[in-house]
2 protein chains.
Amino acid sequence: MPNTAVDIPISGGCANCPIRHKAVCARCEPDELARLEDIKYYRTVAAGQNIVWAGDRMDFVASVVAGVASLTQTMEDGRRQMVGLLLPSDFIGRPGRELARFDVTAVSETVICCFRRKPFEKLLVDMPHVQERLLEMALDELDAARDWMLLLGRKTAREKIASLLSIIAKRATLETKPLPGAPIEFDLPLTREAMSDYLGLTLETVSRQISALKRDGLIKLEGNRHVIVPDMKRLQAETGDDEFM
Amino acid sequence: MPNTAVDIPISGGCANCPIRHKAVCARCEPDELARLEDIKYYRTVAAGQNIVWAGDRMDFVASVVAGVASLTQTMEDGRRQMVGLLLPSDFIGRPGRELARFDVTAVSETVICCFRRKPFEKLLVDMPHVQERLLEMALDELDAARDWMLLLGRKTAREKIASLLSIIAKRATLETKPLPGAPIEFDLPLTREAMSDYLGLTLETVSRQISALKRDGLIKLEGNRHVIVPDMKRLQAETGDDEFM
DNA sequence: CGACATCTTGACTACAGTCAATACTAGTGG
DNA sequence: CCACTAGTATTGACTGTAGTCAAGATGTCG
């Protein structure tokens, strides 16, 4: 069990929660936190397990505390598209919505902090700090979705892979300050199949393009999941994006 | 001038504005409207003209009052992807954001109701009705973006065209109640090129697929822009979506 | 009527998808 | 500790869908 996300918060209260300052509760005052605390409970979901099925009644909303989850849409014939990649602090569900619109699946073992939906909706009305933060998060996600749409609609397979690796690299180096120019290392949180769902490709194409980037010296692999990027600039240049996105 | 969107509101005040009950101001009380009225002004933009360029300083946010506008992203080599289709009542810009992230272009002649950004941001804090509505609209757009991502990533060219026609047909029949089973008619607000930007296709492929749907009797054309759908169910079946989306 | 935009159609190409075989990895139990 | 299995990933050969380049048709507006 190398990746034990499980015993992270669960006790200690909101004050020492790892996502305290990034999630919907980011702007809450201590007394507001107390109200949230009343209606919250933790849930741990094993890798690969579904958290919600599209069409399900949803009696809660939640924040991802640890792990990685995905939002996906599936067509009748099995074609699948990821439409959201949920990292710690990201929000699950929608206030005011009874039925889930998308599948939510734990990609790795995931801990979520659930709030019963009805009380949460009430609380939203008289805790403007939560609503404010939720609006900000929704607008951020909308921006991300729009960049993702450019990727899906117009980028080549190679550009798609380079873009995804850049996105993951960027977030991996958010905490650990990267001295610029130095090589960057990180673990892929996604299988090849999940990557293909994210990028609108087949898993074979994902595999081929990763091999091609490796051949061209843009990345190195240690095992299948650990990636080393010797020169981030060079990888960025393959994404098709304008410099500095 | 068959499609004269221009002289619609401009005078008469918010009370008889056509988007009064759908835009960000939907939930405002008369006194709140008065505050909005103080900082608003109208702007008319000719078809094809840009309202905002990506990277521009933006000193306003706005609602589309009449006409159709698009949000687009362009890559250095000219590849272009539409990432938002803005109809009356839709919102332009983002509170708190200094620089525009996307191009906004008038597809047809468009009237927008602008609010100076700084005052609007202030007003957001102490008019929860506006913030509430903005959150709701952002979440709706996020849902739409996620359906759009499925279209871009996984649908065939034929399914993409059928989906777009269904979306436009649906909104065209929102006002004029459709007796179910009856043929549906509407004008396309988009050129073939704009459709290709929306769908992540080339304009030749758009043209070919429209011809194919015509050949198969799923649609009829009168001129290039006027579409007749004899049997909506049959068109829906071509979208790849589960029934009743 | 003429000129320019927009749209359609055709011939050919290329990129990513499909189907299939094989390799690698990690976890399980003898 | 190694053998076995199941899941994951890579590679190859071939196909098909949508892209590209180009010509011509249709539509719109002055």
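Hydrogens, waters and symmetry mates play no part in the numbers below; they use all other heavy atoms, side chains included. To find a chain, count down the sequence lines: A is the first, B the second, and so on, and within it residues start at 1. Predicted model only: the values in this text are computed from it and were never measured.
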Atom pair distance, as rounded to whole Å: [atom1] in [X] and [atom2] in [N]:
| X | N | atom1 | atom2 | answer |
| --- | --- | --- | --- | --- |
| B:M195 | C:dT8 | CE | C1' | 14 Å |
| A:D77 | C:dT18 | CG | C1' | 14 Å |
| A:E193 | D:dA6 | CD | P | 18 Å |
| B:H226 | D:dT28 | NE2 | C1' | 18 Å |
| B:L203 | D:dA22 | CG | P | 15 Å |
| A:K214 | D:dA9 | NZ | C1' | 10 Å |
| A:L221 | C:dT25 | CG | P | 11 Å |
| B:R192 | D:dG27 | CZ | P | 11 Å |

Out of A:V61, A:L71, A:I112, which one pairs with A:I92 under the side-chain contact (heavy atoms from CB on, under 4.5 Å) rule?
A:I112
Using distance alone, with no hydrogens and no angle criterion, decide if B:S163 and B:S166 have a side-chain donor and acceptor under 3.5 Å apart.
no
Has [X] got a side-chain atom pairing as donor or acceptor with [Y]'s backbone, closer than 3.5 angstrom?
| X | Y | answer |
| --- | --- | --- |
| A:D90 | A:V64 | no |
| A:D231 | A:K233 | yes |
| A:T205 | A:L203 | no |

Is the distance from OP1 or OP2 of [N] to the nearest side-chain N or O of [X] less than 4.0 Å?
| X | N | answer |
| --- | --- | --- |
| B:N224 | C:dA5 | no |
| A:S211 | D:dT11 | yes |
| A:T205 | C:dA16 | no |

Picking from D:dT10, C:dT18, D:dT20, which would you name as closest to the side chain of B:T202?
D:dT20
Tell me, with the steps shown, if B:E159 and A:R79 meet salt bridge (charged side-chain N to carboxylate O under 4.0 Å, His left out).
CA-CA 13 Å; B:E159 288 170 338; A:R79 280 175 285 172; 2.8 Å; yes
Got a sec, which pairs hit ring-ring contact (aromatic ring centres under 6.0 Å, His included) with one end in residues 151-200 of chain B, sequence neighbours left out?
B:W148-B:Y198
Could you give me the CA-CA distance, side-chain angles and deciding distance for A:L221 and A:I210, then say whether side chain to side chain contact (heavy atoms under 4.5 Å, CB included) is met?
CA-CA 9 Å; A:L221 290 185; A:I210 289 181; 3.9 Å; yes
Does [X] reach a base, just sugar-phosphate, or nothing at all? Heavy atoms under 4.0 Å.
| X | result |
| --- | --- |
| A:R158 | nothing |
| A:T191 | sugar-phosphate |
| B:R79 | nothing |
| B:I210 | nothing |

Within 90° of 0 counts as syn, otherwise anti: where does D:dA25 fall?
anti
Salt-bridge contact B:R80-B:D197 (side-chain N to carboxylate O under 4.0 Å)
yes
Under-4.0 Å salt bridge between A:D147 and A:K155
no
Any protein N or O atoms within reach of nucleotides 19-23 of chain C? Criterion: under 3.5 Å, listing atom names and distances.
unit_1: C:dC19; atom_1: N4; unit_2: A:E204; atom_2: OE2; d: 3.1

Note down the inter-axis angle between the two ends of the helix from C:dT6-D:dA25 to C:dG30-D:dC1, five pairs each, to the nearest 10°.
40°
Assign each of A:G223 and A:Q209 to its nearest nucleotide of DNA chain C by heavy atoms, then name whichever residue's nucleotide is nearer the 5' end.
A:Q209
Find which nucleotide of DNA chain D each of A:R154 and A:S207 is nearest to by heavy atoms, and output the residue with the more 5' nucleotide.
A:S207
Could you let me know what C:dG2 is paired to, Watson-Crick or G-U wobble, both distances under 3.5 Å, or none if it's on its own?
D:dC29
